[in-house]
Amino acid sequence: MDKFVITGGTPIKGRIFVGGAKNAAVAIIPAVILAGDVCRIENLPDISDVVVISAILEELGAVVKNLGGGVVEIDPRPINNYVADHELVKNMRASYYLLGALLGRFSKARVPLPGGCYFGVRPIDQHLKGFEALGATPKVENGMVSLNAESLTGSHIYLDVVSVGATINIMLAAVKARGLTIIENVAREPHIVDLANFLNSMGADIMGAGTDTIKIRGVEKLGGTTYSVIPDQIEAGSYMVAAAATGGDVIIDNVIPKHLETITAKLVEMGCTVEEMDDAVRVTRDKPLTRCNVKTMPHPGFPTDMQPQIGVLLAMAEGTSILTEGVWDSRFQYVGELCKMGAQVSVDGKAAIFEGVKQLTGAPVKATDLRGGAAVVIAAMAAQGESTIEDIYHIERGYEKIIEKLCSVGAKIERRSFPDR
Ligand code: EPZ
């Protein structure tokens, strides 16, 4: 079993280059199923989630060419199968985008219920509600979701919950449906806008992405395209927090500073300096962290995918801070790991109360999930002494070359093999 071994206590200094956005990439790759020609996608992150979703498309019959350097060419024309029941599909949350994409192309889809990080119940009722409004009959049986439609027709859909996945899935299904689809109370995350831009670059007619209402006028055919994925907001935010946690000075390059505003605001509130440039931010900290409260919300609120990472700073900030999860039922699994490193945190339902400690200390911990994993890496970099982190596969699902990137700015991290217990 491989683990990360991290020796903490070194402020990181230098420049880190952020890759393409995971949550945009895992939507854009399945969206290629809808294209009528070859799509070239650039700036894809080098992470296992992208490898898996590309392999799933190949399994369906697409021709996928990895050209290296984050560029992939996909020819979706040979796909002739609307059933995706390969083992890979079951373990990947984002494979539910196959539902919208296959439905949009074949008016039918059969895909297993999604897996992925566990944050309490993760229903897909809003996805199904949208598909039904477009004319499909959904059925959930034996762990599979089946969708069947004679044809798809535009509709007016109001989402009861602001859901990234439902917004994306309904967009995928509606893009070739007959007539106009209006989706209200949609998610506004940067990757929603990126997917809409990608689909529009293939000839779709989508307006309003980034606002709370999206209008889609169905088109008969989509072509191919060349498209570059946006930078990863959460990877950038994670490195901003790493700079702050270690008292470092780091320029985080290839970012869209506007996407980082809420993270920047919290770091500044806690006593860090954040300088915004055109496509970079510089984060420095040379004084103790001050307490603050944080509540996660759908975009443009503070991102839930940054909740565990900001938790590390709250664990080290003088005084009492409250961190409230406003998106998921339960996303505090990592807290137990931080406590092994000396953090003083109690969880009460959707809130965690942090009593800041002066110094975290190294310990054997595990990555409980992707972002919880990023949090323990950051905590270990700030802690005194050595930490080992197991279950690192969670981290590698979503952070490209994390060791190389962090070591290039002075972190002391190794990936080491340990005998299986
Ligand atoms: C996406 O998950 C992201 N995943 C998650 O990032 C992120 O935490 C989440 O959006 C919120 O920003 C990808 O983009 C692949 P939701 P998703 O549907 O789409 C409830 C990461 O770390 N809900 O926006 O699955 C749901 O239970 C990952 O990169 C319903 O009730 O999230 C939750 O409370 C983890 N019914 C809330 O909505 C539904 O039909 C938001 O979920 C759908 C969702």
Side-chain angles (χ1 to χ4, degrees), residues 20-45 50 53 57 62 70-77 79 94 97-107 127 130-131 133-134 152-157 159 162-233 256 258-259 299-300:
K22 167 183 94 80
N23 288 345
V26 297
I28 286 173
I29 294 170
V32 173
I33 292 173
L34 294 159
D37 209 334
V38 175
C39 294
R40 179 185 162 99
I41 309 168
E42 301 174 347
N43 201 35
L44 284 169
V50 163
I53 195 80
L57 252 70
V71 182
V72 169
E73 258 179 24
I74 306 177
D75 185 350
R77 288 170 296 186
I79 298 177
Y97 293 142
L98 296 168
L99 282 170
L102 290 169
L103 181 67
R105 170 144 167 197
F106 296 109
S107 297
H127 305 230
F131 297 144
L134 295 171
L152 296 168
T153 311
S155 182
H156 197 136
I157 302 158
L159 295 182
V162 178
S163 159
V164 170
T167 304
I168 288 180
N169 243 337
I170 300 168
M171 275 165 71
L172 293 172
V175 85
K176 288 169 79 183
R178 208 172 340 111
L180 180 69
T181 298
I182 300 175
I183 326 170
E184 288 193 74
N185 197 29
V186 294
R188 291 178 274 171
E189 270 64 8
H191 34 291
I192 306 269
V193 179
D194 208 35
L195 175 71
N197 288 341
F198 171 70
L199 291 167
N200 283 342
S201 77
M202 301 197 297
D205 185 355
I206 304 174
M207 287 159 299
T211 73
D212 58 10
T213 304
I214 292 180
K215 292 186 181 158
I216 304 167
R217 202 167 285 283
V219 293
E220 242 166 55
K221 262 183 79 175
L222 295 171
T225 187
T226 294
Y227 191 82
S228 183
V229 175
I230 50 164
D232 197 306
Q233 175 201 28
I256 299 174
K258 175 102 191 123
H259 293 169
H299 192 79

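For this chain, numbers begin at 1 and follow the sequence in order. Atom set for the values below is all heavy atoms of this structure, side chains included, hydrogens, waters and symmetry mates excluded.
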Reported [atom1]-to-[atom2] distance for the pair [X] and [Y], which is rounded to 0.5 angstrom:
| X | Y | atom1 | atom2 | result |
| --- | --- | --- | --- | --- |
| Asn185 | Ile214 | CG | CD1 | 11.0 Å |
| Lys221 | Leu34 | NZ | CG | 13.5 Å |
| Leu98 | Leu103 | CG | CG | 12.0 Å |
| Asp37 | Ile74 | CG | CD1 | 13.0 Å |
| Phe106 | Leu152 | CZ | CG | 13.0 Å |
| Ile33 | Leu102 | CD1 | CG | 4.5 Å |

Quiz prompt | Pairing of Arg188 and Asp212 as salt bridge, 4.0 angstrom limit | solution = no
Quiz item: Checking side-chain hydrogen bond (donor to acceptor under 3.5 Å, both in side chains) for the pair Tyr227/Asp194: CA distance, chi angles, key distance, verdict?
Solution: CA-CA 10 Å; Tyr227 191 82; Asp194 208 35; 2.5 Å; yes
Where do [X] and [Y] come nearest, in terms of heavy atoms and distance?
| X | Y | result |
| --- | --- | --- |
| Thr167 | Ser163 | OG1-O, 2.6 Å |
| Ala24 | Val229 | CB-CG1, 3.9 Å |
| Cys39 | Met202 | SG-SD, 3.8 Å |
| Gly208 | Thr211 | O-OG1, 2.7 Å |
| Ile79 | Arg105 | O-NH2, 2.8 Å |
| Leu199 | Ala31 | CD2-CB, 4.1 Å |

Side-chain heavy-atom pair [X], [Y] within 4.5 angstrom cut-off:
| X | Y | answer |
| --- | --- | --- |
| Leu134 | Thr153 | no |
| Ile29 | Leu57 | yes |
| Ile41 | Thr226 | no |
| Asp205 | Ile216 | no |
| Lys176 | Leu222 | yes |

Exercise. Please assess Ile192 against Val164 for the test side chain to side chain contact (heavy atoms under 4.5 Å, CB included), listing each intermediate value before the final yes or no.
Key: CA-CA 7 Å; Ile192 306 269; Val164 170; 4.2 Å; yes
Practice problem: Please report the C-alpha distance between His191 and Gln233 in whole Å, then the side-chain angles of each, then the deciding distance to 0.1 Å, and finally whether the side-chain hydrogen bond (donor to acceptor under 3.5 Å, both in side chains) criterion is met. | Solution: CA-CA 9 Å; His191 34 291; Gln233 175 201 28; 5.2 Å; no
Practice problem: Please check if the side chain of Glu189 supplies one atom and the backbone of His299 the other of a donor-acceptor pair under 3.5 Å. | Solution: yes
Quiz item: Do side-chain atoms of Asn169 reach the backbone of His127 as a donor and acceptor pair under 3.5 angstrom?
Solution: no
Practice problem: Check the surroundings of atom CZ in Arg178: do more than 12 heavy atoms from other residues, nucleotides or ligands lie under 6.0 Å from it? | Solution: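 Not more than 12 within 6.0 Å, no.
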Exercise. Output, in order, the C-alpha distance, side-chain angles, deciding distance and verdict of side chain to side chain contact (heavy atoms under 4.5 Å, CB included) for Ile157 and Thr181.
Key: CA-CA 8 Å; Ile157 302 158; Thr181 298; 4.1 Å; yes
